[in-house]
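The structure appears below as structure tokens.
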Amino acid sequence: MAGQAQDAIETFWKVQDQGDYTRLTDLFADDALLEDPIWGRYEGKEAIGDFMTKMAVEMDKMGMHFEVDEISGDDHTAWAR
């Protein structure tokens, strides 16, 4: 059954598909931790916001985009493939 966590990840993908990664920052808590396998670890909403600004520039330069195949979740946990 879909819930808050699934709603958040669905919103993440909708925003990301539009290419403005800076709009993703609002989905993170002030004390969030983001670990990107390529770009590294970012602690806190401000650091994540800086990373999203960097992603907006880099993804545009490379002409890259991501596609989601599946999203599943509930109120507490969600994932995307």
Practice item. Show your working on side chain to side chain contact (heavy atoms under 4.5 Å, CB included) between Asp7 and Glu10 and close with a plain yes or no. Key: CA-CA 5 Å; Asp7 291 345; Glu10 286 175 353; 4.2 Å; yes

Check your understanding: Backbone N or O of Lys45 within a donor-acceptor pair of the Asp30 side chain at under 3.5 Å?
Key ->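 The answer is no, because no donor-acceptor pair under 3.5 Å joins these two groups.
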
Kindly give the heavy-atom pair with the smallest separation between [X] and [Y], and that separation in Å.
{"X": "Asp75", "Y": "Gly3", "value": "OD1-CA, 3.1 Å"}
{"X": "Gly49", "Y": "Thr25", "value": "CA-OG1, 3.4 Å"}
{"X": "Ala80", "Y": "Val68", "value": "CB-CG2, 3.8 Å"}
{"X": "Phe66", "Y": "Asp17", "value": "O-OD1, 3.8 Å"}

Check your understanding: Listed by chain and number, what are the ring pair (Phe, Tyr, Trp, His ring centres under 6.0 Å) partners of Tyr42, not counting sequence neighbours?
Key ->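 Partners of Tyr42 under the ring pair (Phe, Tyr, Trp, His ring centres under 6.0 Å) test: Phe51.
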
If you measure from [atom1] on [X] to [atom2] on [Y], what distance do you get to the nearest 0.5 Å?
{"X": "Asp20", "Y": "Thr22", "atom1": "CG", "atom2": "OG1", "result": "3.5 Å"}
{"X": "Met55", "Y": "Leu24", "atom1": "CE", "atom2": "CG", "result": "9.0 Å"}
{"X": "Met52", "Y": "Met59", "atom1": "CE", "atom2": "CE", "result": "10.0 Å"}
{"X": "Ile71", "Y": "Trp13", "atom1": "CD1", "atom2": "CH2", "result": "7.5 Å"}
{"X": "Leu33", "Y": "Ile48", "atom1": "CG", "atom2": "CD1", "result": "7.0 Å"}
{"X": "Thr77", "Y": "Gln6", "atom1": "OG1", "atom2": "CD", "result": "11.5 Å"}

Exercise for review: Step through the shown structure and confirm whether more than 12 heavy atoms of other residues, nucleotides or ligands are within 6.0 Å of CD on Gln4.
Suggested key: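 Incorrect, the count does not exceed 12.
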
Check your understanding: Hey, any chance Trp79 and Val15 share a hydrophobic cluster, counting ILVMFWY side chains that come within less than 4.5 Å of each other, even indirectly?
Key ->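 In one cluster: no.
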
Review point. Quick one: hydrophobic cluster around Val57, which other residues, with the 4.5 Å side-chain cut-off, linked directly or via members?
Key: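 None, because no other hydrophobic side chain comes under 4.5 Å of this residue.
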
